[in-house]
Student: 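What follows is a single structure, and I will ask about it in a moment.
On a predicted model such as this, the values are computed, not experimentally measured, just so you know. Atom set for the values below is all heavy atoms of this structure, side chains included, hydrogens, waters and symmetry mates excluded. Chain letters run A, B, ... following the sequence lines, proteins first, then strands; residues in each count from 1.
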Number of protein chains: 2
Amino acid sequence: MAIEKKIDCVILGLLSHEDLTGYEIKKRMDTSLKYFWGASYGSIYPALGDLVERGLANKRDGTENKRNKIIYSITEAGRNYLKEWLQNPVEKDELRYETLLKLFFGSEGGAVQAMAHINAFQEKIERELPYLTSAANTLRNYIDTDDAHKYYLLTVEFGIKTYRAYLEWCEEAKAILGEENK
Amino acid sequence: MAIEKKIDCVILGLLSHEDLTGYEIKKRMDTSLKYFWGASYGSIYPALGDLVERGLANKRDGTENKRNKIIYSITEAGRNYLKEWLQNPVEKDELRYETLLKLFFGSEGGAVQAMAHINAFQEKIERELPYLTSAANTLRNYIDTDDAHKYYLLTVEFGIKTYRAYLEWCEEAKAILGEENK
DNA sequence: CATAAATATATCAGTATGATACATGAAACA
DNA sequence: TGTTTCATGTATCATACTGATATATTTATG
């Protein structure tokens, strides 16, 4: 079990809602999914070819004017594959925070440097949080128009709650680092 | 800039505190660092060889009895390399939460299934949180014995704050999913 | 009307994972 | 006392993914 390649599952998940090109899939990754998942062209395009070969997706020509364009859609087999993956237990939730890594080794660089990393982190979170709260508001307004909105809202709320916790931590962390001059 | 391979930096960071074998490095990854970073043998052993070749680490024989053992230590050049990486701005903080991915596509699997994923997530967090709080207490008790303890505490506090936020979110998420029967 | 930005597909070197193989030493148990 | 399990220890490999880049066309912008 658990032989599913993640990239296949994400793509099928996106295709289960709408037909998309590889480029559009990448855009979804960089907007809706970017707070908890990522994927590069180097994994998307080969995976799309693979999915078609295995009968989990179909491709059709969507060329308009001169620009070539390949639109992918999910097949019945693809939908079953996705559903099976969805019902399997989660294998791994993983954080990869370079900020924490640098702080862990912070004694080697000193408090000023550590403080700078915390401030940079704080600014990034403060910059991004408004997008999450506004997304949550929008989703709440249109919660009844599509069943999927409820599930999108769950992930956005996760972001909001954790981002607020991050900001609290930033203040505490700076306080801990400042304690040396007591 | 930013040509540093992460695995090199983590290893040098660990070696900056104490001499270690590859096996011990892996153990540190799976305990102290596991909440925000990970690494496999497949990256550790090749990286160690590389670091020695580049003069950033030294290896010496630590064989006891019949068991062969290679102990690595950081060189002066390695310490400089580490310090440079530490002062460079953070490139990327990344979440890879399969739980959120499955929830995002939750409308395909339904509320019962989504609820199960949330519960599994909640149980995992509740199981792990006590280790973090106890680690924080220990570190607080020995905060003055080693400058590094302060920095370790920062990362543990990060874990505690975010884990508590996760638990709050679990309750809210289940409430949102339950709203259909209003 | 030029030029910058967005759309679109595709590949590749480099990096990391996860699983596994192999071997020894220590501890548990019976 | 023997045996079996667990911890220590080094190492490799197929597979997966990233980040950067190449190429080309269309749409916006000043």
Student: Expressed as a whole number of angstroms, how long is the span from B/R28:CZ to D/dA7:P?
Tutor: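 Taking atom P of D/dA7 as the reference, CZ of B/R28 is at 16 Å.
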
Student: Taking a hydrophobic cluster as the set of Ile, Leu, Val, Met, Phe, Trp and Tyr residues connected by side-chain heavy atoms closer than 4.5 Å, whether directly or through intermediates, do B/L12 and B/I71 fall within one such cluster?
Tutor: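 No, B/L12 does not connect to B/I71 through the hydrophobic network.
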
Student: If only atom types and distance count, is the side chain of A/K102 paired as donor or acceptor with the main-chain N or O of B/N88 below 3.5 Å?
Tutor: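 The answer is yes, because a donor-acceptor pair under 3.5 Å joins these two groups.
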
Student: Compute whether any side-chain donor of one residue and acceptor of the other, for A/T99 and B/D93, lie under 3.5 angstrom apart.
Tutor: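 Yes.
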
Student: Check the distance between D/dG9's P and B/L48's CG and give it to me in whole angstrom.
Tutor: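 Between P of D/dG9 and CG of B/L48: 14 Å.
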
Student: Can you tell me if B/K174 and B/N119 form a side-chain donor-acceptor pair at under 3.5 Å?
Tutor: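 Their side chains do contain a donor-acceptor pair, which is all the 3.5 Å distance test asks for.
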
Student: Centroid-to-centroid, B/F104 to A/Y152, below 6.0 Å?
Tutor: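 Here the rings of A/Y152 and B/F104 have centres that are less than 6.0 Å from each other.
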
Student: Whole-Å distance between D/dT25 C1' and A/K69 NZ?
Tutor: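 So the two atoms are 13 Å apart, to the nearest Å.
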
Student: Quick one: does A/T21's side chain have a donor or acceptor within less than 3.5 Å of a partner on A/K69's backbone?
Tutor: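 No, A/T21 side chain to A/K69 backbone: no donor-acceptor pair under 3.5 Å.
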
Student: Is there a donor-acceptor contact under 3.5 Å linking the side chains of B/Y97 and B/Y166?
Tutor: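 Checked: B/Y97/B/Y166 side chains pair up, N/O donor to acceptor below 3.5 Å.
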
Student: Shoot me the first and last contacting nucleotide of DNA chain C against chain B, ordered 5' to 3', at under 4.0 angstrom to non-hydrogen atoms.
Tutor: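 The footprint of chain B covers C/dT15 to C/dG25.
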
Student: What string of B, S and - do you get for nucleotides 12-21 of chain D, 5' to 3', when a contact is any protein heavy atom under 4.0 Å?
Tutor: BB--SSBB--

Student: Could you list the residues that satisfy ring-ring contact (aromatic ring centres under 6.0 Å, His included) with A/F105, not counting sequence neighbours?
Tutor: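 ring-ring contact (aromatic ring centres under 6.0 Å, His included) check on A/F105 returns nothing, list empty.
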
